[in-house]
Amino acid sequence: MKIAYLLIPISILFSCKTTTDKMSTSNSGNIEQKASVASDCPDGGECSVQVFKGKKINVLKDGIGATYMEIVDGDNMIVQYTYSKKGPEGTADGDYQEAISFELPTGTNVLSIDNETLKDVNLIYTKSIKMRGEAGLYKINKGKLSLKKSAKSLNFVLDFTVDETSPKVLHIAENIVL
């Protein structure tokens, strides 16, 4: 009987399999979401890119005046690049995350914009960290975004700065299979 108790956890341990998919797709109705592992990521973290079709970005303020972003149903495509880094072992609130999001109007196939015209794609930088004065949502109005979109892929290059905080990601170059 004691051997049975020992063999059960061992068999469970060896029956588990880890997957390392580089692309996942979910499609529910007319909303399609794709996620892929980003190609150029700062050391020590994980990066991913998500594409949300049939969506738009809403920027709102809560009851205390803090700004936040929602992805809601709409006619556009949203691209969101996320950099995440786990905090040190044993810390409750040491995790770090940056997200850069932008919205492509329907029918946009080629785009090259910079600085003030970045507002046309609702380019937003969000930083999540337990550090006063660093976390929050920032509209990006300094930088350059160029992209080419086809039926099967989206290539984009983004260089930007955020004066109000210090991002770890300042350059993104991605090729996403749609």
Do [X] and [Y] come within less than 4.5 Å of each other through their side chains, counting heavy atoms only?
X: Gln50; Y: Ile78; answer: no
X: Lys55; Y: Asp73; answer: yes
X: Leu104; Y: Asn76; answer: no
X: Ile124; Y: Ile140; answer: no
X: Phe160; Y: Leu118; answer: no
X: Cys47; Y: Pro42; answer: yes
X: Val59; Y: Leu137; answer: yes

For Ser84, is there any backbone N or O sitting under 3.5 Å from a side-chain donor or acceptor partner on Gln97? no
What residues, two or more places apart in sequence or in another chain, satisfy side-chain contact (heavy atoms from CB on, under 4.5 Å) together with [X]?
X: Lys144; answer: Ser112, Asp114
X: Glu46; answer: none
X: Asn155; answer: Ser153, Asn175
X: Glu70; answer: Asn58, Leu60, Tyr68, Val72

Can you pull the ring pair (Phe, Tyr, Trp, His ring centres under 6.0 Å) pairs that have at least one residue in residues 87-112, sequence neighbours excluded?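 Sorted result for residues 87-112: Phe102-Phe156.
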Indicate every side-chain donor-acceptor pair of residues 166-173 with a distance under 3.5 Å to a residue at least two apart or in another chain.
{"unit_1": "His171", "atom_1": "ND1", "unit_2": "Asp159", "atom_2": "OD1", "d": "2.5"}

Going by salt bridge (charged side-chain N to carboxylate O under 4.0 Å, His left out), name the pairs with one or both residues in residues 77-86, residues two or more places apart or in two chains. Lys86-Asp95
Mind checking the [atom1]-[atom2] spacing from [X] to [Y]? Nearest 0.5 Å is all I need.
X: Tyr125; Y: Met69; atom1: OH; atom2: CE; answer: 13.0 Å
X: Lys149; Y: Thr108; atom1: NZ; atom2: OG1; answer: 7.5 Å
X: Leu145; Y: Leu158; atom1: CG; atom2: CG; answer: 5.5 Å
X: Glu103; Y: Phe52; atom1: CD; atom2: CZ; answer: 12.5 Å

What's the shortest heavy-atom distance between Leu178 and Ala151, and which atoms? CB-O, 4.1 Å
Side chain to side chain contact (heavy atoms under 4.5 Å, CB included) for Asn141 and Asn115? Distances and angles first, verdict last. CA-CA 5 Å; Asn141 57 15; Asn115 298 327; over 6 Å; no
Sequence-distant partners of [X], salt bridge (Lys or Arg N to Asp or Glu O under 4.0 Å), two or more places apart:
X: Asp62; result: none
X: Lys56; result: none
X: Lys142; result: Asp163

Applying side-chain hydrogen bond (donor to acceptor under 3.5 Å, both in side chains), can you list everything that pairs with Ser101, at least two apart in sequence or on another chain?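 Here the qualifying residues are Gln80.
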Side-chain donor-acceptor pair under 3.5 Å between Glu174 and Tyr81, yes or no?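 No pair is found: no donor N or O on one side chain lies under 3.5 Å from an acceptor on the other.
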Start with the C-alpha distance between Met77 and Val51, add both sets of side-chain angles, then the distance that settles side chain to side chain contact (heavy atoms under 4.5 Å, CB included), and finish with yes or no. CA-CA 7 Å; Met77 176 191 298; Val51 175; 3.6 Å; yes
